[in-house]
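Notes for the one structure printed next.
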Amino acid sequence: MLRVRFAPSPTGYLHIGSARTFIFNWLYARRNGGTMILRIDDTDVERNTQESLDSIFEGLKWLDLNWDEFYRQSERGELHQKAAKAILDQGLAYRDFVPDTFKDVDLNEVDIHAKFNPVMRNMSKEESDLRANGGEPFVLRFKVPRESRKEVTFQDLVYGPQSKATEDIEDFALLRSSGAPTYHMASCADDADLRISHVIRGQDHLSNTFKHVLIFEALGVTPPNFAHLPLLIAPDGSKLSKRKHGPVVSVTTYRDAGFLPQAFVNFVCLLGWSPKDDREKMTRQELVDVFSLEGVNRSNATINFTEQDPFDPKAVWLNAEHIRTMPQDDLAAQLLPFLPQADAAKVRQLVPLIQERIRLLSDVKTATDFFFQENPYDPALLIPQKGDAGMAGRALEEARKILGDVTEFNHAGLDPALRAGAERLKIKAGQMFQPIRVAVCGRKDAPPLFETLEVLGRETCLLRIDHALEQLAVTKNQTT
RNA sequence: GGCGCUAUCGUCUAACGGUUAGGACGGAGCCCUCUCAAGGCUCAAAUACGGGUUCGAUUCCCGUUAGCGCUACCA
């Protein structure tokens, strides 16, 4: 039975790298009919926050990623204690009563061979028990078997065969002096207990895995399969941090900026993984169908953002691709929160006009602002290419007549009528359309004219054309 | 410092010994066009460096350099 888990520690908001780890686990589970487990690794009570926990749930909810089982490490303390005791009882761990040995040691100076205290490591069971029973505080350390065994090895599903000399592994802590388990202890005990079959996590744990293998063996279970994921890093090569890189590393920032969850997932999957067939835009189902650990590569991926432009251009492009290809009703529903002044029916009307013109959902606000208000503009914009104010005026007069008279106020009625008007004035269609467009939209870049006029409605259009004619007159008087 | 991992266009990536080193984003240009988009076409842009192995290395091996990670009673 395939079982995977995502095990965040609630010490920060859900960040993009964690989100990707969840997604890869989720895809792997869904692809292979496995079980997805969400486990909150909250053993570090000092640093845990409720906010952070909320942020994790909020992010996962937005991404619409579900899980089949849920656990909290803090509720499983008994299991961790039992596991630590079992290791100690077998003589595979020892109590360290002077736990601050390395407190003031510069790690750059110290040699690994000094990284355990031989007095503590070799203390007799009797003395150790006696001092523990006497209430003396201690850290429980794993007694790395450097004599009986030369190296620790495991097979990583992404990085291949891994090995490390036991000489190079320090006697790491299992239990703190408070009695609380360390991450290594709790994580392995839980993974064993929950029968996790595949541990898929960030590459920052690759070298920790040797310790984990040791723990699993001490626990008498065969270690799970491991798959480590390359890290996501910032353009300056450093790892993503909120302090250094700001809100761009937080999942909810993408949500609030108008990303579609499916586009975000799509983008993040392309960081460190490839379907190998040049496909880029993929639906969630396509991702599930094709995902495999073999497609994961080994080098860190840079998320390409700058201070001016906080989102990777490819993420934005993918978002636009998803927007363009989604059903119009779905898009309307997604857009609604970004247009507080509009009702659902109005948004539904606007969708066809802007679907292929926005890249982020939030773009809809500026893309459609003139449907809700008349924007100020420079009257000079009314003047068409290779034309003058006179031409603009004639075009607008003609347009006003046509828009007032035409029976079908839609593309079918407007298109031939306005083109015919241009012909009468002996100007090009484009020269006819530009003054109208600017008059009604307040700018040159806008959705197709006839559809725009239709949605705006006859009355508004006539009003705005009148207004444009007034402005034109004013400018004329000023120049003459 | 020690140990581990990594190294293809600016960025994401493909090429599991033989390709004019492919695709995408972004950039430049052209076309289409009622503007803006979208779409189509074209161009610029990479195998970190040095040694091997091989008839032949992006690909395998070694070294150098660089980056990242671990080296906590943080995860």
I'd like a list of close polar pairs between nucleotides 62-66 of chain B and the protein, N/O only, cut-off under 3.5 Å.
none

Tabulate atom names and distances for all N/O pairs under 3.5 angstrom spanning the protein and nucleotides 42-46 of chain B.
none

Which atom pairs link the protein and nucleotides 67-69 of chain B when you take only N or O atoms and keep those under 3.5 Å?
{"unit_1": "B:C68", "atom_1": "O2'", "unit_2": "A:N300", "atom_2": "ND2", "d": "3.3"}
{"unit_1": "B:G69", "atom_1": "O2'", "unit_2": "A:D204", "atom_2": "O", "d": "3.1"}

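Residues satisfying the side-chain contact (heavy atoms from CB on, under 4.5 Å) test with A:D171, not counting sequence neighbours, are A:Y94, A:F116, A:R121, A:R141, A:V144, A:R146. Evaluation of the side chain to side chain donor-acceptor pair (under 3.5 Å) rule for A:S74 yields A:D42 as partners, not counting sequence neighbours. Looking at residues two or more places apart in sequence or on another chain, you find a salt bridge (charged side-chain N to carboxylate O under 4.0 Å, His left out) between A:R76 and A:D190, A:D193. Residues satisfying the salt bridge (charged side-chain N to carboxylate O under 4.0 Å, His left out) test with A:K85, not counting sequence neighbours, are A:D89. Judged as a salt bridge (charged side-chain N to carboxylate O under 4.0 Å, His left out), and not counting sequence neighbours, A:R298 has no contacts. Not counting sequence neighbours, the partners of A:E451 by the side-chain contact (heavy atoms from CB on, under 4.5 Å) test are A:L353, A:H411, A:P448. Applying the ring pair (Phe, Tyr, Trp, His ring centres under 6.0 Å) rule to A:Y183 yields the partners A:H205, A:H212; only residues at least two apart in sequence or on another chain are considered.
Among the protein residues, A:Q355 comes within range of no part of the nucleic acid, since none of its heavy atoms lies under 4.0 Å from any strand.
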Reading nucleotides 22-37 of chain B from 5' to 3' and marking B where a protein heavy atom lies under 4.0 Å of the base, S where only the sugar-phosphate is that close, and - otherwise, the string is BBBSS-------BBBB

Which donor-acceptor pairs under 3.5 Å do the side chains of residues 431-443 of chain A make with protein atoms, sequence neighbours left out?
{"unit_1": "A:Q431", "atom_1": "OE1", "unit_2": "A:K428", "atom_2": "N", "d": "2.9"}
{"unit_1": "A:Q431", "atom_1": "NE2", "unit_2": "A:Q385", "atom_2": "O", "d": "2.8"}
{"unit_1": "A:Q434", "atom_1": "NE2", "unit_2": "A:L381", "atom_2": "O", "d": "2.8"}
{"unit_1": "A:Q434", "atom_1": "NE2", "unit_2": "A:I383", "atom_2": "O", "d": "3.3"}
{"unit_1": "A:R443", "atom_1": "NE", "unit_2": "A:D445", "atom_2": "O", "d": "3.0"}
{"unit_1": "A:R443", "atom_1": "NH1", "unit_2": "A:D369", "atom_2": "OD1", "d": "3.2"}
{"unit_1": "A:R443", "atom_1": "NH2", "unit_2": "A:T366", "atom_2": "O", "d": "2.8"}
{"unit_1": "A:R443", "atom_1": "NH2", "unit_2": "A:A367", "atom_2": "O", "d": "3.4"}
{"unit_1": "A:R443", "atom_1": "NH2", "unit_2": "A:D369", "atom_2": "OD1", "d": "3.4"}

